[in-house]
Amino acid sequence: MSANLFALYRTRVVEALARIVPELPPEVAARVEVTPTRDPAHGDMATNAALLAAKPARRRPAELAAELAALLSGADGIESAVPAGPGFVNLTLSPATLRAVLPAVLAAGEAYGDSAVGAGIAVNVEYVSANPTGPMHVGHCRGAVVGDALANLLARAGYAVTKEYYVNDAGAQVAALAWVVYWRYLELLGTPMTEAEFETLVPGGALQYRGDYLLPIAGILHDAHGAGLADAERRPLPPAVWFERVRGLALDSLLGQIRDDLARLGVRHDVFTSESAILAAGAADAAIGRLDQAGLLYEGVLEPPKGKQATDWEARPQTLFRATAFGDDVDRPLRKADGSNTYFANDIGYHGDKIARGADVLIDVLGADHGGYVARMRAAVQAIAPAYAAAGTVAFEAVLCQIVHVIKDGAPMRMSKRAGTFVTLRDLLDEVGRDAVRFTMLTRKPDAQMEFDLDLAVAQTRDNPVFYVQYAHARCRSVLRAAAAMPELGDLSPAALAEAPLDALQADAELALVRRLGHWPRLLEGAAQAREPHRIAFHLNDLAGDFHMLWNRGRDDATLRFLQADAVSATRARLALVAATAMVIRSGLGVLGVTPVEEMR
RNA sequence: GCGCCCUUAGCUCAGUCGGAUAGAGCAACAGCCUUCUAAGCUGUGGGUCGGUGGUUCGAAUCCACCAGGGCGCGCCA
């Protein structure tokens, strides 16, 4: 039997519908849904089959629903099927069918609910990709958590997932970084030069990245080279002497910090791809060549941008990619005024590289400030896919993560990189811990702005979902530990509990929990297909709610308590329920990257 | 000016490729501690789903326009 009850009964419904309406078009059959009911009074599941079939069959929905219900009433495991509302058919499963969810969970363990919808599809999820010019802050953190959970989720749905980090180590920002670090180094040596004087040497004429976090790097530079990177008067040497060393050391150091931050956050990428390595391998030029061969490049002049001060605007011909042929608003430049590649050109090369490595689907998890970038990248991926992919097409998807506002003591914390008051990821982790950061970041759709309430994230109360879900798991484990100390209950291994008779599970609160466990496979698959890991977080919150409710019922009604020494069979049935609940919570927390704690003390 | 995202209860947010009476927590109000953990529980009240039209058997969901908030708009990454 399929572990996914909804998928199973969907096929039954479609078969039954095909007998009533043999000429049903396949595209209509494909839209048939069997969904959990919102109202328990409507049974366990409902289908819209009759509503969909009514039009092509030229029949009244209610009439079809009645026939469908009659046909399904005899079906295996269905206790009743009744037409309802405008043409739904509500299905109520037999208690035995419902309870059979428990042995299914116990047998599969944390793999319960895993799906094969993604089988044979390689997905590359690129996330974080913070520039190695400073420490990670909360803005990066959301993308890190969302990308990581999304990648985990897709893996559970059968996709072959690569978690990737793109290291932007080739651009002007990294050059600027090297100049600042070098200046800090000179300062450390006690250079007689003034900062203003030094800045006249800097390309662009000004130092960037003034944060204190660069001071230790200057220190490392000093440890490694002593005064050897300056002249005898502690004044700068030509860049040819020091630039590559300083740049390399700064990059290593900052990337090391980022990796360390990510490790603390529990994020681990499979692949770190270096932009400079990609460029050195000629990926960008190769991609540009492919676009040229395909006739998608031309020399042209763009309109000046609207709504922005166009004071320094100068119309000039440049190499443009015909992005408008693939749905973008304007064609996009690939070369700067000095003839070097734009970032976009390099990024096309990088995406080509990901495709060449075998990805069928590219997912970029980006900050909201990259929203304007999506259309052109999608256009570029479509344009180069025929040259890079065996199948000739590659899907490009972007998940945009909106701004996170950190709230403390009820007031938003101002964040400014320039003023050095932004909240670093490390500060956030120190303040609230990994689990709270990860779970909280996933309790909101990524494409909506979110407020991160520091006080709530650490609160040990009902309204903190992290706590609430972890507490439910801890309670389950606590019950199982207590049961293990009762020898009269016999073998309590999952395999043994999977064989336990379950007839004793009769109470509404018990069956509600069983139902919720039965929803898990459908939810996991749907969340993966929609690329929405936050659904997992909400489902776990609901599941925890069902469990806590049952637990609390035991307070008023002693017959509902899990452990009863004088009712061994009923206790074993309830332990099957508790063990299955713990497994699903653990499984879901695994997707989110949150620890399933054993106890809350 | 143009493009993308968002707008659901006093607050923070869900809402399943359109489905039945739009849900949860907090806050408010009324109760509940000798308990397998009160770090909690039970119940009550609370909605013009930003607005106006449209498509549909059916719209919070799709489309158009409008309002408000966010992000972006060649030679940054």
Side-chain angles (χ1 to χ4, degrees), chain A residues 30-31 33 35-39 42 46 48 51-52 54-55 60-62 84-88 90 129 131 133 168 170-174 275 301-308 310 312-316 318 320 328-333 335-340 342-344 346-347 367-375 398 400 402-403 407 443-451 453 456 459-465 467-468 471 474-475 478-479 482-483 519 522-523 526-527 529-530 532 534-535 537-539 541-542 545 548-549 551-556 558 561-564 599-601:
Chain A
R31 290 174 55 213
E33 283 189 315
T35 58
T37 55
R38 190 155 37 195
D39 184 345
H42 294 152
N48 61 352
L51 286 163
L52 292 174
K55 186 168 266 181
R60 291 184 25 228
F88 291 98
N90 293 334
S129 299
N131 289 343
T133 53
N168 291 125
Q173 291 189 353
V174 175
E275 182 184 6
V301 179
L302 286 174
E303 295 289 309
K306 301 277 199 290
K308 204 178 106 172
D312 59 346
W313 169 264
E314 225 179 299
R316 66 175 189 86
Q318 55 192 158
L320 299 174
D328 200 1
D329 298 325
V330 293
D331 294 334
R332 304 291 180 174
R335 308 267 195 216
K336 302 180 194 174
D338 65 3
S340 63
T342 59
Y343 180 82
F344 178 52
N346 291 346
D347 217 16
D369 54 347
H370 288 68
Y373 195 66
V374 173
L400 293 178
Q402 294 287 332
I403 304 285
I407 307 290
T443 52
R444 188 84 167 96
K445 286 179 299 218
D447 54 6
Q449 295 166 55
M450 89 174 287
E451 301 195 358
D453 188 329
L456 178 58
Q460 306 251 307
T461 59
R462 166 74 186 89
D463 50 319
N464 178 1
F467 167 77
Y468 193 65
Y471 190 30
R475 273 182 160 173
S478 164
V479 169
H519 294 173
R522 180 176 188 276
L523 186 111
Q529 289 180 302
E532 292 188 347
H534 74 278
R535 291 190 195 178
F538 280 94
H539 187 260
N541 202 39
D542 291 342
H548 287 305
M549 172 172 287
W551 173 289
N552 290 311
R553 283 288 152 77
R555 216 193 327 255
D556 301 326
R561 298 190 180 187
F562 296 120
L563 300 178
Q564 297 176 45
E599 54 183 0
M600 297 301 287
R601 299 181 199 290

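Since the model is a prediction, treat every value here as computed from it, not as a measurement. Here is the naming used below: chain letters follow the sequence lines, and residue numbers restart at 1 for every chain. Hydrogens, waters and symmetry mates are skipped; everything else that's a heavy atom, side chains included, is used.
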- Message: Using a heavy-atom cut-off of 4.0 Å across all strands, would you classify A:Ala375 as base, sugar-phosphate, or nothing?
- Response: nothing

- Task: Mind checking the OG1-NE2 spacing from A:Thr443 to A:His534? Nearest 0.5 Å is all I need.
- Result: 9.5 Å

- Message: Using a 3.5 Å limit for the pairing distances, which stems of at least 3 consecutive Watson-Crick or G-U wobble pairs does RNA chain B take part in?
- Response: B:1-7 with B:67-73, B:10-13 with B:23-26, B:28-32 with B:40-44, B:50-54 with B:62-66

- Please measure how far the P atom in B:C29 lies from the corresponding atom in B:U61, and state the result in whole Å. 35 Å

- Item | Interatomic distance where CG belongs to A:Leu52 and P belongs to B:G19 [whole Å] | 11 Å

- Query: Expressed as a whole number of Å, how far does the P atom of B:U12 sit from that of B:G31?
  - Reply: 30 Å

- Message: In whole Å, measure the gap between the C1' atoms of B:C63 and B:U55 for me.
- Response: 7 Å

- Hits for side chain to side chain contact (heavy atoms under 4.5 Å, CB included) against A:Arg316, two or more places apart or cross-chain, chain-then-number order -> A:Gln318, A:Ala337

- Message: Quick check on B:C66: syn or anti? Syn means the glycosidic torsion is within 90 degrees of zero.
- Response: anti

- Between B:U21 and B:C65, how far is it from one P atom to the other, in whole Å? 31 Å

- Query: A:Asn552: what forms a side-chain hydrogen bond (donor to acceptor under 3.5 Å, both in side chains) with it, not counting sequence neighbours?
  - Reply: A:Arg555

- Nearest-nucleotide check on RNA chain B, A:Leu456 vs A:Ser478; residue mapping nearer the 5' end is A:Leu456

- Task: Tell me which nucleotide among B:A14, B:C71, B:C5 gets nearest to the side chain of A:Asp369.
- Result: B:C71

- Query: Taking the side chain of A:Phe88 as heavy atoms from C-beta outward, which of B:U37, B:C13, B:G19 is closest to it?
  - Reply: B:G19

Detail all sub-3.5 Å separations between protein N/O atoms and N/O atoms belonging to nucleotides 59-70 of chain B.
from  : atom 1 : to       : atom 2 : distance (Å)
B:G70 : O4'    : A:Gln449 : NE2    : 3.4

- What residues form a ring-ring contact (aromatic ring centres under 6.0 Å, His included) with A:Tyr471, not counting sequence neighbours? A:Phe467, A:His548

- Task: Using the C1' atom as the reference point in each nucleotide, state the distance between B:U37 and B:C33 in Å, no decimals.
- Result: 12 Å

- A:Arg444 vs B:A14: side-chain N/O to OP1/OP2 distance below 4.0 Å: yes

- Task: Determine the interatomic distance between C1' on B:A9 and the same-named atom on B:A27; round to the nearest Å.
- Result: 11 Å

- Return the value, rounded to whole Å, for the distance between atom CZ of A:Arg31 and atom C1' of B:U56. 11 Å

- Not counting sequence neighbours, which residues clear ring-ring contact (aromatic ring centres under 6.0 Å, His included) with A:Tyr343? List them please. none

- Task: For A:Ser478, enumerate each residue passing the side chain to side chain contact (heavy atoms under 4.5 Å, CB included) test, keeping only those at least two apart in sequence or located in another chain.
- Result: A:Arg481

- Task: Using a 4.0 Å heavy-atom cut-off across all strands, classify A:Arg522 as base, sugar-phosphate, or nothing.
- Result: base

- Message: With a cut-off of less than 4.0 Å, is there a side-chain N or O of A:Lys55 near OP1 or OP2 of B:C57?
- Response: yes

- Query: Measuring from A:Lys445:NZ to A:Arg535:CZ, what's the distance to the nearest 0.5 Å?
  - Reply: 10.5 Å

- Item | Atom pair distance, as rounded to whole Å: CG in A:Leu523 and P in B:U16 | 12 Å

- For the side chain of A:Asp447, starting at C-beta, report the closest nucleotide among B:C5, B:U37, B:C13. B:C5

- Message: Please give the distance between the P atoms of B:A14 and B:G25 as a whole number of Å.
- Response: 16 Å

- Query: What residues form a side chain to side chain contact (heavy atoms under 4.5 Å, CB included) with A:Ala170, not counting sequence neighbours?
  - Reply: A:Glu275, A:Ser276, A:Leu279

- Does A:His534 make a side-chain N or O approach to OP1 or OP2 of B:G15 shorter than 4.0 Å? yes

- Query: Which of the following nucleotides, B:G3, B:G74, B:G19, is nearest to the side chain of A:Asp329?
  - Reply: B:G3

- Message: Under 4.0 Å, heavy atoms only, any strand: does A:Phe538 hit a base, just the sugar-phosphate, or nothing?
- Response: sugar-phosphate

- Query: Counting side-chain heavy atoms from C-beta on, which of B:G19, B:C6, B:A77 comes nearest to A:Pro86?
  - Reply: B:G19

- Query: Which part of the nucleic acid, if any, lies within contact of A:Asn464, taking any heavy atom under 4.0 Å across all strands shown: a base, the sugar-phosphate backbone alone, or nothing?
  - Reply: nothing

- Note on the structure: Closest non-hydrogen atoms of A:Leu302 and A:Pro333, given as atom of the first, atom of the second and distance, are CD1-CD, 3.9 Å

- With the side chain defined as heavy atoms from C-beta on, A:Lys336 is closest, among B:U12, B:A14, B:A77, to B:A77

- Query: Within the structure shown, what part of the strands sits under 4.0 Å from A:Ala30 by heavy-atom distance: base, sugar-phosphate, or nothing?
  - Reply: base

- Minimum-distance pair of heavy atoms, taken over all atoms of A:Leu563 and A:Ala483: CD2-CB, 3.7 Å

- Item | Residue whose closest nucleotide on RNA chain B lies nearer the 5' end, A:Asn131 versus A:Phe562 | A:Phe562

- Message: Need one value for A:Glu303: base, sugar-phosphate or nothing, where a base atom within 4.0 Å counts as base even if backbone is also close, heavy atoms only.
- Response: nothing

- Residues that A:Lys336 engages under side chain to side chain contact (heavy atoms under 4.5 Å, CB included), provided they are two or more places apart: A:Asp338, A:Ser340, A:Thr342

- How many angstroms lie between atom CG of A:Asn90 and atom NE2 of A:His42, to the nearest 0.5 angstrom? 6.0 Å

- Note on the structure: Between OH of A:Tyr343 and C1' of B:C76 the distance, given in whole Å, is 10 Å

- Measure from CD on A:Glu275 to C1' on B:C76 and round the result to the nearest Å. 12 Å

- Message: Once side-chain hydrogen bond (donor to acceptor under 3.5 Å, both in side chains) is applied, do any residues pair with A:Arg332, and if so which ones, sequence neighbours excluded?
- Response: A:Asp328

- Which nucleotide in the list B:U16, B:G74, B:C57 gets nearest to the side chain of A:Leu51? B:C57

- Note on the structure: To the nearest angstrom, the CD1-C1' distance between A:Ile407 and B:U12 comes to 10 Å

- If we take the C1' atom in both B:C76 and B:G72, what is their distance in whole Å? 13 Å

- Item | Residues that A:Arg335 engages under side-chain hydrogen bond (donor to acceptor under 3.5 Å, both in side chains), provided they are two or more places apart | A:Asn341

- Query: Can you check the A:Arg332 CZ to B:G72 P distance for me, whole Å?
  - Reply: 15 Å

For nucleotides 40-47 of chain B, which of its nitrogen or oxygen atoms have a protein nitrogen or oxygen under 3.5 Å away, and what is each distance?
from  : atom 1 : to       : atom 2 : distance (Å)
B:G40 : OP1    : A:Arg462 : N      : 2.4
B:C41 : O4'    : A:Arg555 : NH2    : 3.4

- Item | Spacing of CG belonging to A:Leu400 relative to OH belonging to A:Tyr373, to within rounding of 0.5 Å | 13.0 Å

- Task: Under 4.0 Å between any heavy atoms, over every strand shown, what does A:Ala84 touch: base, sugar-phosphate, or nothing? Just pick one.
- Result: base

